[in-house]
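Step one of this worksheet: look at the structure below.
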Amino acid sequence: MPSNFIRHIIEDDMQSGKYDGRVVTRFPPEPNGYLHIGHAKSICLNFGLSIEYNGSCHLRFDDTNPGKENVEFVNSIQEDVQWLGFNWDKHLYFTSDYFDRLFDYAVALIQMGKAYVDTQSAEEIRQNRGTLKAPGIDSPYRNRPAEENLELFHKMKNGELEEGACVLRAKIDMGSPNIIMRDPALYRIRKHHHHRTKDQWCIYPMYDFAHCLSDSIERITHSICTLEFENNRELYDWILDTLGVYHSRQIEFARLNLSYTVLSKRKLIELVEGNHVSGWDDPRMPTISGLRRRGYTPEAIRNFCERIGVAKRDSMVNFALLEHCIREDLNKKAHRVMGVLNPLRVVIENYPDDLSEEMEAINNPEDKTMGTRKIPFSKVLYIEQDDFMEDPPKKFFRLGPGREVRLRYAYFITCTDVIKDETGKVVELRCTYDPETRGGDAPDGRKVKSTLHWVSEQHAVNAEVRLYENLFTVEKPAAADDFKATLNENSVQILKDCKLEPGLGTVEPGFACQFERLGYFCADIRDSAQGNLVFNRIVTLRDMWAKIQKKNKKPNKK
RNA sequence: UGGGGCGUCGUCAAGUGGUAAGACACAGGAUUUUGAUUCCUGCAUUCGGAGGUUCGAACCCUCCCGCCCCAGCCA
């Protein structure tokens with residue numbers, strides 16, 4: 001377990017007995033969007049800490065803004081947290097469950113002379129708030145007697161006042177250097193239908209008021225949030241101290257930034273609503289549902305969250321780390337299979353016309369307990385177009401005219417002829433095989449520089465394969481003037497006539513495997529079905545050859 | 001230029017006064033019926049900068065520089 005500053009705080013608290021050894025954290029999403037990999041960091045942190053210290057972690061929906069929230073989001077959030085592998089037991093809460101108590105706390109504040117109803121317009125309030133450098137000006141209603149405030153607050157509650165007519169404000173200090181403390185709004189009028197409390201309320205508490213008190217009500221020990229709330233901590237503490245209630249400690253950490261993607265809810269919504277992606281679960285999305293559909297595993301995501309660490313400095317994690325985590329997980333677990341994405345027909349001229357043999361293949365060299373399977377071999381095969389070059393460069397050691405290579409688990413073959421169409425495109429290869437090399441070894445000990453994957457034409461099953469790349473072309477799309485202008489046009493490439501080994505024909509949606517030499521792929525959970533296979537590329541394999549090619553290209557361009 | 005934070009390898013990140021962990025990335029090499037995996041090897045004489053305290057400083061002090069957050073009746 002890597003150490004981090006939050007663990008240090010908790011350990012100090014355990015030592016001092018500050019919370020009697022309790023550790024209670026919470027994950028408090030607002031149900032106004034789908035969860036993404038940045039939320040996964042917070043989920044792993046909060047739930048992880050509660051597990052590590054034998055405490056508990058609450059899932060609490062911060063549903064104080066009915067205009068933006070809905071049940072679709074609360075359901076997807078629960079699904080995603082569970083899928084990630086975390087369990088909140090009985091601790092499923094909604095801030096809206098506390099609306100009555102929150103209202104009472106507000107009344108108490110009014111009675112203490114610590115809150116007042118301001119009937120200035122939103123515009124006036126903004127103008128009187130001052131600026132970063134200049135202090136604000138007291139509202140003319142700031143010293144309204146408590147009785148009158150109470151009466152107005154009840155009128156707000158009873159729907160007798162219109163939206164925007166007034167707001168309940170904490171009476172703190174209009175001259176505070178911390179703008180958050182310049183009499184922040186606590187309650188506003190919103191005549192909206194709420195997904196849980198229906199039409200019971202027409203006033204809703206603001207985040208700053210609801211959050212600290214919800215933590216207090218649930219007796220949270222460590223209230224972990226992101227850096228942008230650091231300014232709000234003074235108010236968090238003020239409300240709890242003023243009311244004299246149980247006081248959780250707010251701790252802030254830096255949110256996740258990932259290269260080549262965006263992780264702000266606003267931008268993700270823009271991608272969905274602007275149809276730049278097919279939905280929240282588009283396999284290119286950094287949402288939990290998108291990653292799941294792409295084929296990422298919970299283990300890989302959890303491992304990623306552990307490796308990125310937790311600290312207070314703004315940072316940008318390389319997407320390559322996420323890819324490393326999924327490769328690492330799938331390398332151990334995924335079945336190896338052969339599939340040809342861009343088929344090139346190969347006829348083995350000296351192979352009997354109607355013979356077909358069963359070749360034994362290993363399911364996972366990393367895990368022999370996964371056994372073996374039989375793959376049919378015959379006279380006409382497909383290999384990958386990229387595995388043949390008519391005029392091979394120096395470091396290309398795959399198939400070429402006159403060259404000999406191995407077909408994995410099958411035979412050595414030698415290319416004897418190249419057949420082209422009228423445009424000069426290579427459409428078929430003629431080869432001979434060496435019957436002595438069955439299984440892939442030559443009795444005379446001769447070596448071959450390369451092993452290719454292949455599929456027998458008459459036995460192959462067809463599939464659509466979707467090749468995904470980064471959604472964006474630049475490392476920090478969020479920094480661009482218009483992040484949508486940096487969208488990668490080639491973020492998905494759809495291949496229609498891919499040829500897979502026959503065993504894949506009966507695979508269930510969600511099945512993940514390695515197409516040998518190509519990458520990890522997963523039967524799409526939405527679109528794949530028997531008879532209509534659709535595979536998503538999760539991630540490519542590390543590829544030395546691709547690297548060599550890139551290296552050779554670059555100097556020419558420069 | 002008010003207030004709150006943060007600056008350790010290309011990217012994350014440990015380190016909390018005793019002489020710079022680890023991971024990813026990258027570069028070499030070995031093994032390999034996946035140019036995969038695995039395995040070696042290399043990769044910060046230096047911690048934003050400058051002073052100071054100390055036998056000793058990434059850690060303490062001072063000043064400076066840079067970056068992030070705050071002027072929603074969003075969270």
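Lettering follows sequence order; numbering is per chain, from 1.
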Students often get this wrong, so: under 4.0 angstrom with heavy atoms, is [X] touching a base, only sugar-phosphate, or nothing?
X: A:K547; result: sugar-phosphate
X: A:H8; result: base
X: A:R408; result: base
X: A:F515; result: nothing
X: A:Y204; result: nothing

Seminar exercise, completed: Given protein heavy atoms under 4.0 Å, the one-letter contact record of nucleotides 69-75 of chain B, with B base, S sugar-phosphate only and - none, is simply BBBSBSB
Would you kindly give the [atom1]-to-[atom2] distance between [X] and [N], to the nearest whole Å?
X: A:F5; N: B:G5; atom1: CZ; atom2: C1'; value: 11 Å
X: A:R255; N: B:C67; atom1: CZ; atom2: P; value: 21 Å
X: A:R182; N: B:G4; atom1: CZ; atom2: C1'; value: 13 Å
X: A:I548; N: B:A36; atom1: CD1; atom2: C1'; value: 14 Å
X: A:Q514; N: B:G35; atom1: CD; atom2: P; value: 10 Å
X: A:Y236; N: B:G4; atom1: OH; atom2: C1'; value: 18 Å

For this session: Side chain of A:K133 only, please: which of B:A14, B:U1, B:U37 is the nearest?
Result: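 Of the candidates, B:U1 comes closest.
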For this session: Identify, residue by residue, the members of residues 307-329 of chain A with a heavy atom below 4.0 Å from RNA chain B, and return them in order of residue number, or none.
Result: A:R307, A:I308, A:V310, A:A311, A:K312, A:R313, A:D314, A:S315, A:M316, A:V317, A:N318, A:A320, A:L321, A:H324
For this session: Can you sort out the partners of A:S315 under side chain to side chain donor-acceptor pair (under 3.5 Å), two or more places apart, ordered by chain and number?
Result: none
For this session: Could you pull out all residues at least two apart from A:Y105 that satisfy side chain to side chain donor-acceptor pair (under 3.5 Å)?
Result: none
For [X], enumerate each residue passing the ring pair (Phe, Tyr, Trp, His ring centres under 6.0 Å) test, keeping only those at least two apart in sequence or located in another chain.
X: A:W280; answer: A:Y34
X: A:F209; answer: A:Y187
X: A:Y296; answer: none

Exercise. Can you find a donor-acceptor N/O pair under 3.5 angstrom joining the side chain of A:E366 to the base of B:U38?
Worked result: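 Answer no: no donor N or O sits under 3.5 Å from an acceptor.
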Exercise. Charged N to carboxylate O below 4.0 Å: is that the case for A:E357 and A:R438?
Worked result: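 Salt bridge between A:E357 and A:R438, a charged N being under 4.0 Å from a carboxylate O: yes.
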Exercise. Mind checking what makes salt bridge (Lys or Arg N to Asp or Glu O under 4.0 Å) contact with A:R398, not counting sequence neighbours?
Worked result: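 A:R398 satisfies salt bridge (Lys or Arg N to Asp or Glu O under 4.0 Å) with A:D387 only.
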For this session: Check salt bridge (Lys or Arg N to Asp or Glu O under 4.0 Å) between A:E230 and all other residues, then give those that pass, not counting sequence neighbours.
Result: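 For A:E230, the residues satisfying salt bridge (Lys or Arg N to Asp or Glu O under 4.0 Å) (neighbours in sequence not counted) are A:K312.
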For this session: For B:G10, give its Watson-Crick or G-U wobble partner with both distances under 3.5 Å, or none.
Result: B:C24
